[in-house]
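Structure first, commentary second.
Here is how names work: the chains are called A, B, and so on, in the same order as the sequence lines, proteins then strands, and each is numbered from 1.
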Number of protein chains: 2
Amino acid sequence: MSWQIPRVAVAVDLAVLTVRNDRLQILLVERAIKPFRGMFALPGGFLASKEEDLEVAAARELAEETGLEPRPLHLEQMRTYGAPDRDPRGRVLTVCYLAVVPNLPLPVPGGDARAARWTPVDAVLNSEVAMAFDHREIIADAVERARSKLEYTTLGAAFCAAPFTISELRHVYETVWGHKLDSRNFHRKITSVDGFLVSTGERTKRDGGRPAALYRPGGARLMHPPILRSAGSSPWAG
Amino acid sequence: MSWQIPRVAVAVDLAVLTVRNDRLQILLVERAIKPFRGMFALPGGFLASKEEDLEVAAARELAEETGLEPRPLHLEQMRTYGAPDRDPRGRVLTVCYLAVVPNLPLPVPGGDARAARWTPVDAVLNSEVAMAFDHREIIADAVERARSKLEYTTLGAAFCAAPFTISELRHVYETVWGHKLDSRNFHRKITSVDGFLVSTGERTKRDGGRPAALYRPGGARLMHPPILRSAGSSPWAG
DNA sequence: TGAATAGTGTCTATTAGACAATATAAG
DNA sequence: CTTATATTGTCTAATAGACACTATTCA
């Protein structure tokens, strides 16, 4: 079976999203080598060996390129990009993964990690950042996937470091969707979804204002019925 | 860039779904060659050349293996499967596509087409059919994807040959979801979604019963708000 | 006390689901 | 007419969204 079958290089790329400074941001690396040198790209790389599993490669790249540990709360395969001309070096298929992480300290360049930086997705989608390959379209897909999944899954919790408050979770929704939500209706809705949040019994110590209850993610992955983003929202002011 | 990068064989597989004889069915081919010979598999195959686009390969395989023409109303990339041991011949990555087609005449084997047959997905998922590779899991993913997409997209129309009636569309929903829907509420809901259906002005000639209005698919791809499958349904009797 | 944030209660417009009633065909 | 299917209408329970109000902290 190995005679005339074409074999292609396979890469794994990561769209790592977080909410940081009131903006949805994505982790980018500056390319140090030739095609698109000096431009920005998604962290990723070729399979380490012919036997490496895709998910393993994705987790490895995330750690290698960014120093991010422990593993993200959420890592899912998104889509495979395979246009014949997407890489000037030749045919490269890239299997893209969507990762969602809390607002972590910026990884320090050096060592194994390349220079990785958080960049607001708006800047990328508005073409204010020079992107390598077809990575701008990939990022657009990733953002839309994340926005959509907030509606009907518990993905939002993956943006929050546990334990977190309902306000923090709402802030994630508002930032990713780009518009304000009513805090009281959001509170009622979220707490009514079975298995989304588990109360820790603890409360925040605030500097003014009533302390908020702290939660960690529950086991539920799907939210039913969903929170739909289109209806009943005020325009974003932040 | 071509020195130590591992290169792998890339295949494209198709999960082609239709509604036929009141059941959700999938197109399978019987394997004529060695790994898993005599077992059933999804139609598909390796990239024809190192330059072939993935979507093009998917469309080509569909025509080649099944004789199905013209192209399906719906063809979308679903997921890439890449477990290192999923193919005993060596590392093979398969990019899977979900296709949805109307109830077409069974393709005739012979010529370019291999022996392809429609098989109820229940039989596959209940392990009543011997499946090659990891194709049973792929089919489970495809079925879940289709069930889910009926909720919030206009995918259901892709199961119907235009022009079609609202009853035919409802029958698709009932068959894919496995439970009855209220015909009157369904009618009201579907016709209220802007761009889902376009009336042709024609009506069916029935053999008893009021003639039904005929529609063709509108341009809309998303349905908002969605029709959720969990709520308010009577158990399936057919 | 006042400012700030968390959380609960209430009202209303909309929607989903059950189901009655009417419309239009074939025998 | 009866049977069969399509389509419209009506009622009701549940839900989403707006928003008043209470609760609990800090200064």
Can you find an N or O donor on one side and an acceptor on the other, under 3.5 Å apart, linking the side chain of B:Arg170 with the base of D:dA6?
no

Name the residue closer to the 5' end of DNA chain D, choosing between A:Gly209 and B:Ile166 according to the nucleotide with the nearest heavy atom.
B:Ile166

Should the side chain of A:Asn185 and the base of D:dA18 be counted as holding a donor-acceptor pair, with the cut-off at 3.5 Å?
yes

Nearest to the side chain of B:Ala212, which nucleotide is it out of C:dA16, D:dT7, C:dA6?
D:dT7

A:Arg184 side-chain proximity, nearest of D:dC21, D:dG9, C:dA16:
D:dC21

Per B:Pro211 side chain, nearest of listed nucleotides C:dT24, D:dT24, D:dT7
C:dT24

Position toward the 5' end of DNA chain C (nearest nucleotide), B:Ile227 or A:Thr191
A:Thr191

Whole Å only: how far is the CD1 atom of A:Ile190 from the P atom of D:dA16?
11 Å

A:Leu228 atom CG is separated from D:dG17 atom C1', nearest whole Å, by 13 Å

Quickly work out the A:Lys180 NZ to C:dT5 P distance and round it to whole Å.
10 Å

B:Glu168 has an atom CD; how far is it from atom P of D:dT5, in whole Å?
13 Å

Look at the side chain of B:Thr200 and the backbone N and O of B:Glu202, then say whether any donor-acceptor pair between them is shorter than 3.5 Å.
yes

Between B:Phe186 and B:Tyr173 (judged by ring centroids, cut-off 6.0 Å), do the two rings come close enough to count as a pair?
yes

Of the listed nucleotides D:dT7, D:dA16, C:dT24, the one nearest the side chain of A:Lys189:
D:dA16

I want to check something: taking the side chain as every heavy atom from C-beta on, are A:Arg79 and A:Asp141 in contact at a cut-off of under 4.5 Å?
yes

Whole angstrom is fine here: how far is it from CG in A:Leu181 over to C1' in D:dA18?
14 Å

C:dG7 C1' sits how many Å from A:Leu214 CG, rounded?
14 Å

Between B:Glu144 and B:Arg229 (salt bridge meaning N to carboxylate O under 4.0 Å), is one present in this structure?
yes

Between B:His171 (NE2) and D:dA6 (C1'), how many Å, whole number?
17 Å

Under-4.0 Å side-chain N/O to phosphate OP1/OP2 contact, B:His187 with D:dA6:
no

Look at B:Ser167 and D:dA6 and indicate whether a side-chain polar atom (N or O) is within less than 4.0 Å of OP1 or OP2.
yes

Side-chain donor/acceptor of B:Arg210 to base of C:dA25, under 3.5 Å
no

Return yes if some donor-acceptor pair links the side-chain N/O of A:Asp182 with the main-chain N/O of A:Asn185 below 3.5 Å, else return no.
yes

D:dT25 OP1/OP2 closer than 4.0 Å to side-chain N/O of A:Lys205
no

Shortest non-hydrogen separation from B:Val176 to B:Arg147 and the atoms involved
O-NE, 2.8 Å

From CZ of A:Arg188 over to P of D:dA14, roughly how many Å is that when rounded to an integer?
15 Å

On DNA chain D, nearest-nucleotide positions of B:Gly208 versus A:Arg203: which is more 5'?
B:Gly208

